[in-house]
There are 2 protein chains.
Amino acid sequence: MRSLRYVEIAEELRRGMTRPGELLPSESELAAAYGASRVTVRRALESLRAEGLVDSRQGYGWFVVGEPVRQALGRLQTIEASLESRGVASERRVLDFGFVRAPKPVRSVLGNDVESVLRVRRLHLADGRPFARVTVWVPDALGAGLSRRDVESSPITELIGVALGGGRQTIGAAAASVSDAGLLGVPAGSPVLRCERVTFDSAESPVLVSEWVFPAGATEFVVDLPVAPQDWRT
Amino acid sequence: MRSLRYVEIAEELRRGMTRPGELLPSESELAAAYGASRVTVRRALESLRAEGLVDSRQGYGWFVVGEPVRQALGRLQTIEASLESRGVASERRVLDFGFVRAPKPVRSVLGNDVESVLRVRRLHLADGRPFARVTVWVPDALGAGLSRRDVESSPITELIGVALGGGRQTIGAAAASVSDAGLLGVPAGSPVLRCERVTFDSAESPVLVSEWVFPAGATEFVVDLPVAPQDWRT
DNA sequence: CAGTGGTCTAGACCACTGG
DNA sequence: CAGTGGTCTAGACCACTGG
């Protein structure tokens, strides 16, 4: 993988950012400092803006953005992630771990040649209280080297050694199953948020499938969009 | 508002697109055709890519993207929007229309000086079946010129004559209230998706607030993200 | 006013697709 | 192979900010 100048610059800038509100050097100064053209510097800055880390005002400059929910600019953020960033103790308890025949919907995503998968079911806790029930399906080929202890301590995506690309998530509402109700400590049939995620590698091939169930009230998704899409119409 | 070359080009390209899979002229050809530099043409194409309308392959070219859920690339799309794009008859029935004191949560978003708001409650139908219950709150200043007939025929965002910027949406699950259950034709207490949207103008000031309630099963949100965010970890 | 970001040009080199 | 998109350069003009 050839390294990209604007990505390098973006990373250096990210590391250099300290307090919110901090004014960055001007584009011209950065260009001189990094020995790059202004266009390349801008590209780095634009990518940081897309992450919600910085913003700019014409005639004023580029500055580090504060931490309000704006963090989620152009991103999708779960309460889980924001808890983590606030340092709330979060814990993952593995409920079961084993290889199973791939369920049809999982197979249709991962490819029909994927017959067997590693299935990991977990309960996520925040401050000791059940927060989400998660199931992850990973193709045999990627899951064969993982131990139960591995997945207890690290995110699976970090263990499988695959460079991740994008993801797709569908978010819906459902009624809590008896099993999930028991795990999450809510009445059976009460509303839950149910998410299905597909995670892709950098070549846009599906790597794993996961399902997330959150009790209503405990979780909300926040989506900030830089430009109002057409169906934003009201 | 000075017109931007790359926006103009993007609009012309958007109008010119026909079938999915269609290959666009090369960047150089487009640059020549529009009398613009390749950089400007690229910028137009990148903006269309951000909308999920086109994509590119190095060495191959730019092409019109098919209609699968990919449409939502980097966007948030409701079933409502995709129904519309598929030409399913969708209807909006105004339930009530009037000026009320701004509820506290609405006020806290629109600003404490906003005391009175136009509140419009609507039922959205798809193929004649109830699909969503929506409430929109618009500050007096913007709502004063609107008639009930206006909001029956056009999106409010188009009526108020404000250039829109971004938006923010929270998505959660809830139990259907008795009133919503009646409107949507589902049992009271059954799960619904509940969304709160804040729409901003181009100066990032909040313009209006809306609440959307969808019966579970009828709606899902699909979010595609170009790069896996940190909490995409599994 | 000097300095900033926003837009745009006309070039360049490279990795990659397809035949 | 010729042609494509991806990245990058070194310039330019303008609207805007702040003092």
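We name chains A, B, ... by the order of the sequence lines, and we start the count at 1 in each one.
Between B/E46 and B/R49, at least one side-chain nitrogen of the basic residue sits less than 4.0 Å from a carboxylate oxygen of the acidic one, meeting the salt-bridge criterion. One finds no salt bridge joining A/R101 and A/E115 here, because no Lys/Arg side-chain nitrogen approaches an Asp/Glu carboxylate oxygen to under 4.0 Å. A salt bridge is defined here as a Lys NZ or Arg NE, NH1 or NH2 lying under 4.0 Å from an Asp or Glu carboxylate O, and B/R5 with B/E8 meets this definition. Using a 4.0 Å cut-off between a side-chain N of Lys or Arg and a carboxylate O of Asp or Glu, A/R149 and A/E152 do not qualify as a salt bridge.
Between A/R57 and C/dT4 there is no side-chain polar atom (N or O) within less than 4.0 angstrom of OP1 or OP2. Between A/S26 and the phosphate of C/dT4, there is a side-chain N or O to OP1/OP2 separation shorter than 4.0 Å. Side-chain N/O atoms of A/T40 include one lying less than 4.0 angstrom from OP1 or OP2 on D/dT9. Close to D/dG5, at under 4.0 Å from its OP1 or OP2, lies no side-chain N or O of B/R42. Residue B/Y6 places none of its side-chain N or O atoms closer than 4.0 Å to OP1 or OP2 of C/dC8. Between C/dG3 and A/S28, no contact under 4.0 Å exists linking OP1 or OP2 to a side-chain N or O. The phosphate of D/dG6 has OP1 or OP2 within less than 4.0 Å of a side-chain N or O from B/S56.
Using modelled atom types and a 3.5 Å distance limit, the side chains of B/R133 and B/T135 yield a donor-acceptor pair.
In this structure, A/Y34 places its OH atom 14 Å from P of D/dT9, rounding to the nearest Å. When the C1' atom of C/dT7 is taken as reference, atom CD of B/E8 falls 12 Å away, rounded to whole Å. Rounded to whole Å, atom P of D/dG6 lies 9 Å from atom CG of B/L45. To the nearest angstrom, C1' of C/dG5 lies 10 Å from CD of A/E46. For the pair A/F63 CZ and C/dG5 P, the computed distance is 11 Å after rounding to whole Å. Distance, A/R43 CZ to C/dT7 P: 15 Å, rounded to whole Å. Rounding to whole angstrom units, CG of residue B/L4 and P of D/dA15 are separated by 12 Å. Separating the CZ atom of B/R49 from the P atom of D/dG5 is a distance of 11 Å, rounded to the nearest angstrom.
With hydrogens and angles left out, the side chain of A/R38 and the base of C/dG6 share a donor-acceptor pair within 3.5 Å.
Side-chain atoms of A/E12 do not come within 3.5 Å of backbone N or O of A/I9 as any donor-acceptor pair.
Cation-pi contact between B/R148 and B/F97: absent, since separation from the ring centre below 6.0 Å together with deviation from the ring axis within 45° is not met. Cation-pi check for B/R194 over B/W212 is not met; the charged atom does not lie both under 6.0 angstrom from the ring centroid and within 45 degrees of its normal.
When the nucleotides D/dT9, C/dG5, D/dG6 are ranked by their closest atom to the side chain of A/Q58, C/dG5 comes out on top. Each of C/dG18, D/dT9, D/dT17 was ranked by its minimum atom distance to the side chain of A/Y60; first place goes to D/dT17.
In this structure, A/V39 and A/G61 both approach DNA chain C, and ranking their closest nucleotides by distance from the 5' end singles out A/G61.
For DNA chain C, the stems formed by at least three consecutive Watson-Crick or G-U pairs, with both atom-pair distances below 3.5 Å, span C:1-16 with D:3-18.
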